[in-house]
Structures are given as C-alpha cells and as structure tokens.
Amino acid sequence: MTTHRSTTMYRTGLALAAVALAGTGLLGCAEAAEEAGPSGDITHPEDDVPGSQVRLHEGTDAPVIEAAVVQTPGMDVSSHQGAVNWSTAWANGARFAYVKATEGTTYQNPDFAQQYNGSFNVGMIRGAYHFALPDRSSGATQGNFFVSHGGGWSNDGKTLPPAIDLEYNPYGASCYGLSQSAMVAWIHDIANTVKARTGRDAVFYTSTSWWTLCTGNNAGFSANPLWIPRYASSVGTLPAGWSFQTIWQNADSGVFPGDQNKFNGALDRVQAFAH
C-alpha cells in the first residue's frame, strides 16, 4: 500500500516537531507550510482521511497491554486507495468498512461507488464518512451536502451510521480558526443535521488531543458513537463524555487497504450497530 502523504512526513521526523507545537496550540510544521484561508481550494482531498492529520500532529505511542475484548477487524478507504480489491480484503478478514464520501461542500470521492458498493457486494457492513472543514461553511450546510452525496443510512442491516471526521485542519490552523465554543456549536450543527436527515446519531472520528484542544474536551456528545485513532496497542484515554470507543483505528497500514480498524465487539455487535 502507498502510505498517506502525512504518514510519509511523519516517518521523516516532522511529526515529532508537530506534536510539541500541537500541545501548545501553535501551528504544526505542515500547517505553516500549507496555509489556506476559508475560501481556499481543497487541493489534496485524497490525503484528507481519518487520522491523516492525527498521525502528523500526534505521531504514535509506545505499545501497552491491550484489553482482552473481542474485536472485529475492518478498514477505511478513500480515493487514495482507488479501486479496492474487496474480495481479497474480505478473505483477509475485514468485516466492515468506512468509505470517504465528501469533504467540505465541494468534494466528492470519485471512487465512492466502487468502494461503497464493492464492500457491500462481498458481504461487508459499510458506511460513509465526511471530512469536516468547519471554516468553510456551516455545520448544517456540510451535513446536508454529506447526506445528499453518499452519507445516507438505510435499515438494511449492512449500512453503518454516517461518520464525521473531526481532526486537525490540513489547510491551516489546527482548530480552523474557531474558538472552542464556536467549534462545539459547529459540531452540534452538523450532528443535528445528519440525525434529522438520517435518523441516526453520527459517528464521530476524533482524537482525544484534538478534541481537547479544539472543543475544550466538551462532554456533551456521548450520544454520538466514538471512532478514535491511536496507533498503539490500546486506545488510551478517551475524550470527555465517552466511556468506551465503538471503533478504534489502530494502524494506518496493514493487511487491508487503507487504515486498519477494530470494532469494539464481535461481529454480531457490528450487525446490531447497523440497525
């Protein structure tokens, strides 16, 4: 698999500097080199995927002991992966997948149909995700764009709730120029819109560090299932409001194309989550 652009940067050592800067609320190295205002173009959407900026800003942790809870393996993909060989991914054990649908209010994944339908056709339970850009438009505007372009939900037992990717800005300041209260309001806006359109509480993809930095570790979103990245042997500390994760993204490469994920439960729990 070709690594994400941000992962390659991490492996060259830039992420180590970004970790220190993110901890002080300052711009990371990549952000300083890649500024774009709220009206800037989405120039690398194939690289804006769950964890792409988390890896850049936070790096990885030393291994710790993993809890002995049954986990169901899965994956997430974007146009970075292109046409995915879903039969091989299924044979290797993947049982669920999240597929990038949209970013902001202008980008749609050109490989969405192959990835979303292909995963379904081999038997996977799959869902769509939106890479949020809170400085570009309102949460309601982005929520509607997402649901109208792949982020819908149907009670067919094979469709995961729509997911919203909330992480460091790949085009500018980490928190998109929003105060913590403004970010919380924006997240409420998109979450309420997605729920009104689909009937499901959106899954939130976010890291504890970003959530703390950009929302003040707000504890008001426990109804939204948590999909958390941590590239170690444990999920570690969760953001406020969540007592457990629903999905854990534990690696950016592995046996499956794209990122590697574990659903916090056996396959029957994934099936129940789809209903």
Side-chain angles (χ1 to χ4, degrees), residues 1-9 30 34 36 38-56 74-90 94 96-137 141-154 156 158-172 190 193-194 197-198 202-203 205 227 249 252-254 256-261:
M1 166 194 169
T2 302
T3 57
H4 301 306
R5 183 170 59 91
S6 59
T7 306
T8 303
M9 293 174 70
E34 202 170 6
S39 61
D41 293 335
I42 298 174
T43 55
H44 48 72
E46 70 281 357
D47 292 327
D48 301 339
V49 300
S52 59
Q53 304 309 304
V54 175
R55 288 184 286 273
L56 178 60
M75 54 197 281
D76 63 82
V77 295
S78 69
S79 62
H80 191 93
Q81 281 70 46
V84 173
N85 187 328
W86 291 104
S87 295
T88 298
W90 175 268
F96 71 94
Y98 265 108
V99 176
K100 183 173 184 176
T102 52
E103 180 172 344
T105 56
T106 58
Y107 175 78
Q108 298 178 57
N109 176 8
D111 297 299
F112 181 76
Q114 192 277 342
Q115 295 174 345
Y116 192 74
N117 297 329
S119 52
F120 178 90
N121 289 337
V122 298
M124 288 190 198
I125 301 171
R126 83 308 189 222
Y129 77 85
H130 172 77
F131 194 99
L133 297 177
D135 58 346
R136 305 298 179 95
S137 57
T141 299
Q142 290 194 35
N144 280 315
F145 181 75
F146 172 41
V147 175
S148 296
H149 297 92
W153 179 80
S154 59
D156 57 7
K158 286 295 187 71
T159 305
L160 296 169
I164 302 168
D165 186 350
L166 299 160
E167 61 179 286
Y168 302 92
N169 183 4
Y171 299 101
I190 190 171
T193 301
V194 170
R197 290 283 305 273
T198 68
V203 174
Y205 175 98
W227 176 11
Q249 185 190 77
D252 66 344
S253 62
F256 312 131
D259 300 310
Q260 316 295 291
N261 292 275

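Bear in mind the structure is a predicted one, so any value in this text is a computation, not a measurement. Quick note: numbers below take in every heavy atom, side chains included, and nothing from hydrogens, waters or symmetry partners.
Although no hydrogens or angles enter the test, the distance criterion places a donor-acceptor pair under 3.5 Å between the side chain of Asp156 and the main chain of Thr159. Checked by atom type and distance alone, the side chain of Ser148 pairs as donor or acceptor with a backbone atom of Asn144 at under 3.5 Å.
A distance of 11.5 Å separates CZ of Phe96 from OG of Ser119, quoted to the nearest 0.5 Å.
Side-chain atoms of Thr102 and His130 include a donor-acceptor pair closer than 3.5 Å. No hydrogens or angles considered: nothing links the side chains of Gln260 and Asp252 as a donor-acceptor pair under 3.5 Å. At a cut-off of 3.5 Å, with distance as the only test, no side-chain donor of Gln81 or Asp111 sits close to an acceptor on the other residue.
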Taking it one step at a time, do Gln114 and Trp86 satisfy side-chain contact (heavy atoms from CB on, under 4.5 Å)? CA-CA 10 Å; Gln114 192 277 342; Trp86 291 104; 3.7 Å; yes

Would you please test Lys158 and Phe120 for side-chain contact (heavy atoms from CB on, under 4.5 Å) and show each step? CA-CA 7 Å; Lys158 286 295 187 71; Phe120 178 90; 3.4 Å; yes

Go through the steps to decide whether Gln142 and Thr105 satisfy the test side chain to side chain donor-acceptor pair (under 3.5 Å), and finish with yes or no. CA-CA 6 Å; Gln142 290 194 35; Thr105 56; over 6 Å; no

Evaluate the side-chain contact (heavy atoms from CB on, under 4.5 Å) criterion for residues Leu133 and Glu103: first the C-alpha distance (whole Å), next the side-chain angles of each, then the deciding distance (0.1 Å), finally the verdict. CA-CA 7 Å; Leu133 297 177; Glu103 180 172 344; 3.8 Å; yes

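The aromatic rings of Tyr98 and Trp227 lie parallel to each other, with less than 30° between the two planes, well short of the 60° mark. Ring geometry for Phe112 against Tyr116 counts as parallel: the plane angle stays under 30°, on a 0 to 90° scale with 60° as the upper cut.
Nearest heavy atoms, Ala128 versus Gly150: CB-O, 3.2 Å. Of all heavy-atom pairs spanning Val194 and Gly143, the tightest one is CG2-CA, 4.2 Å. Scanning all heavy atoms of the two residues, the minimum distance from Asn261 to Met75 falls at ND2-C, 3.4 Å. In this structure, Thr198 and Trp153 approach most closely via the heavy-atom pair O-CE3, 3.7 Å. Between Phe146 and Pro162, the shortest heavy-atom distance links the atoms CE2-CB, 3.5 Å. The minimum heavy-atom distance linking Ser78 with Gln115 is given by the pair O-NE2, 2.8 Å.
Contact check for Arg126 versus Leu160: no side-chain heavy atoms found under the 4.5 Å cut-off. Between Asn109 and Val99 there is a side-chain heavy-atom pair separated by less than 4.5 Å.
Geometrically, Lys100 does not engage Tyr129 in a cation-pi contact defined by less than 6.0 Å to the ring centre and at most 45° from the axis.
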